[in-house]
Amino acid sequence: MPDIYKHGYENFKIMSVLFVAQILLGVLPAVLLAIFICADLYSTPLIGYIFIAIMVAGAVANIMISKRYNVLLSGFRGEKSLMRAIKKLKNEDYTVFSNLPIKYKKNRSEIDFLLVCPDYILIIEVKNHSGKIYGKHKDDQWLQKKVYRDGKTTETYMQNPLKQLRRQRDILKCILSANGLDRWVDTMLYFSSPQVKLYLDLFDNDNVCSSEKELLEFLSTYKSKSPATKEELEKINNLFKEMHNA
């Protein structure tokens, strides 16, 4: 099994806070209503309006928090799915860095997964979106269409993840170059949900997978344009371990 280095998942802390906030906001209307009735506040119209306004504001806040929580939860599940797949790799030469924060000068980002092995340095961005995804290489946004059992259809837009991957690759290449390592860095976009269908117009070098089988086959057979030597590999791993522990 590969060596795996997990960095603190900051979004998990945010998810915990949002989960607690949902519970508190969920019981808020009942608590306010009990106070309103028990204290006979309904006899004062102004106070009644204030209580109603607070309950409406709480409901709106709960909806917004719930949406944010579901987005983070979906991403968390996607990363867990990818981690399960990576652990199936039999090659012990792999080193995996999860949720790795990177920065070069004023440019910062966080890589979902970074795989380092003799054949390649690979950034993996994982998405847990379902439904139909439409997009092109240069689009700023991609379209996600979902059709539900009752016939309802929703359309939402997501930022083109390939652009994020390109930015992360540029930052990582700058970090490697600054440490005397002029290495090629590859990228991979992985859709982890089995309920996703992709309709993408991409370049040949845009690596995209939408199933665990496809992902593992890619990781087991792909070779970069410029594989690293044993000495370079050791230096690269030590560099990323320092970043991971920072």
Side-chain angles (χ1 to χ4, degrees), residues 2-7 9-10 75 78-79 82-83 85-87 89 91-127 135-140 142 158-192 198 200 202-210 214-246:
D3 290 331
I4 298 175
Y5 296 85
K6 296 181 181 179
H7 195 269
Y9 187 72
E10 295 299 324
E79 293 187 15
L82 178 56
M83 180 64 77
I86 288 176
K87 286 181 178 179
L89 292 169
N91 191 335
E92 295 182 356
D93 289 336
Y94 284 97
T95 304
V96 182
F97 299 90
S98 172
N99 302 113
L100 179 67
I102 57 173
K103 62 179 180 179
Y104 182 76
K105 296 183 178 179
K106 294 184 179 181
N107 297 310
R108 297 171 180 264
S109 187
E110 181 176 287
I111 295 175
D112 284 351
F113 286 85
L114 179 67
L115 271 63
V116 180
C117 71
D119 292 324
Y120 51 76
I121 301 172
L122 181 68
I123 299 172
I124 303 181
E125 174 73 13
V126 58
K127 297 295 182 185
K136 297 181 180 180
H137 175 89
K138 293 184 178 181
D139 288 347
D140 290 329
W142 287 359
M158 58 186 287
Q159 296 299 314
N160 183 346
L162 294 180
K163 291 196 172 185
Q164 178 181 336
L165 277 169
R166 289 196 288 270
R167 179 173 177 271
Q168 291 177 344
R169 180 182 60 194
D170 291 342
I171 296 174
L172 204 62
K173 288 175 69 175
C174 287
I175 293 172
L176 291 171
S177 181
N179 286 272
L181 295 161
D182 187 15
R183 305 308 310 158
W184 184 265
V185 178
D186 295 290
T187 60
M188 157 66 71
L189 175 59
Y190 174 53
F191 286 90
S192 60
L198 305 179
L200 305 176
L202 306 177
F203 292 157
D204 291 340
N205 60 349
D206 290 325
N207 302 312
V208 179
C209 289
S210 59
E214 187 179 359
L215 173 69
L216 291 175
E217 182 178 353
F218 176 91
L219 296 179
S220 301
T221 60
Y222 182 73
K223 291 186 180 295
S224 175
K225 295 180 180 180
S226 178
T229 65
K230 184 177 180 180
E231 292 75 17
E232 289 174 328
L233 196 64
E234 183 177 358
K235 188 174 181 180
I236 290 168
N237 277 326
N238 288 335
L239 173 62
F240 292 144
K241 287 176 185 177
E242 290 178 6
M243 294 167 56
H244 171 271
N245 295 325

**Request:** To the nearest 0.5 Å, tell me how far Thr95 OG1 sits from Leu114 CG.
**Result:** 9.5 Å
**Asked** In Å and rounded to the nearest 0.5 Å, what is the NZ to CD distance from Lys235 to Glu231?
**Response** 11.5 Å
**Message:** If I take atom CZ from residue Arg183 and atom OG1 from residue Thr229, how far apart are they, to the nearest 0.5 angstrom?
**Reply:** 7.0 Å
**Asked** Side chains of Thr187 and Arg166: closer than 4.5 Å at any heavy-atom pair?
**Response** no
**Complete:** Heavy atoms of Ile175 and Met243 approach each other most closely as CD1-CE, 4.0 Å
**From Asp112, Ile123, Val185, Ile111, residue fulfilling side-chain contact (heavy atoms from CB on, under 4.5 Å) relative to Leu165** = Ile123
Show every donor-acceptor pair shorter than 3.5 Å between a side-chain atom in residues 214-222 and any protein atom, with sequence neighbours excluded, or say none if there are none.
unit_1	atom_1	unit_2	atom_2	d
Glu214	OE1	Ser210	N	3.3
Ser220	OG	Leu216	O	2.8
Thr221	OG1	Glu217	O	2.7
Tyr222	OH	Asp186	OD1	2.9

**Prompt:** So do the side chains of Phe203 and Lys138 get within less than 4.5 Å of each other, counting heavy atoms only?
**Reply:** yes
**Prompt:** Distance from Leu122 atom CG to Asn207 atom CG, nearest 0.5 Å?
**Reply:** 7.5 Å
**Item:** Under 3.5 Å: donor-acceptor pair, side chain of Asp182, backbone of Ser177
**Value:** no
**Request:** First locate atom SG of Cys174, then atom CG of Asn179, and finally report the distance between them rounded to the nearest 0.5 Å.
**Result:** 11.5 Å
**Prompt:** Hey, is the main chain of Leu162 close enough, under 3.5 Å, to the side chain of Asn160 for a donor-acceptor pair?
**Reply:** yes
**Request:** Over all heavy atoms of both residues, which pair between Tyr104 and Ala178 is shortest? Give the atoms and the distance, please.
**Result:** CE1-CB, 4.0 Å
**Message:** Measuring only between side-chain heavy atoms, which start at C-beta, is Ile121 closer than 4.5 Å to Ser224?
**Reply:** no
**Item:** Non-hydrogen atoms of Cys209 and Met188 that approach each other most closely
**Value:** SG-CE, 3.4 Å
**Side chain to side chain, Leu172 and Phe240, heavy atoms closer than 4.5 Å** = yes
**Message:** Side chains of Asp119 and Asp93, heavy atoms from C-beta outward: is any pair under 4.5 Å?
**Reply:** no
**Request:** Using atom types as modelled and distance alone, determine if a side-chain donor or acceptor of Arg167 lies under 3.5 Å from a backbone N or O of Arg108.
**Result:** yes
**Message:** Would you say that more than 12 heavy atoms from the other residues, nucleotides or ligands in this model lie under 6.0 Å from the NZ of Lys163, or not?
**Reply:** yes
**By salt bridge (Lys or Arg N to Asp or Glu O under 4.0 Å) - contacts of Arg169 (at least two apart)** = none
**Request:** Would you indicate whether Lys136, at its atom NZ, is surrounded by more than 12 heavy atoms from other residues, nucleotides or ligands within a distance under 6.0 Å?
**Result:** no
**Request:** Please report the closest heavy-atom contact between Pro161 and Lys127, naming both atoms and the distance.
**Result:** CB-CE, 3.8 Å
**Prompt:** What's the shortest heavy-atom distance between Cys117 and Leu233, and which atoms?
**Reply:** O-CD1, 3.4 Å
**Item:** Pairwise distance CG(Leu189) to CG(Leu198) - rounded to 0.5 angstrom
**Value:** 8.0 Å
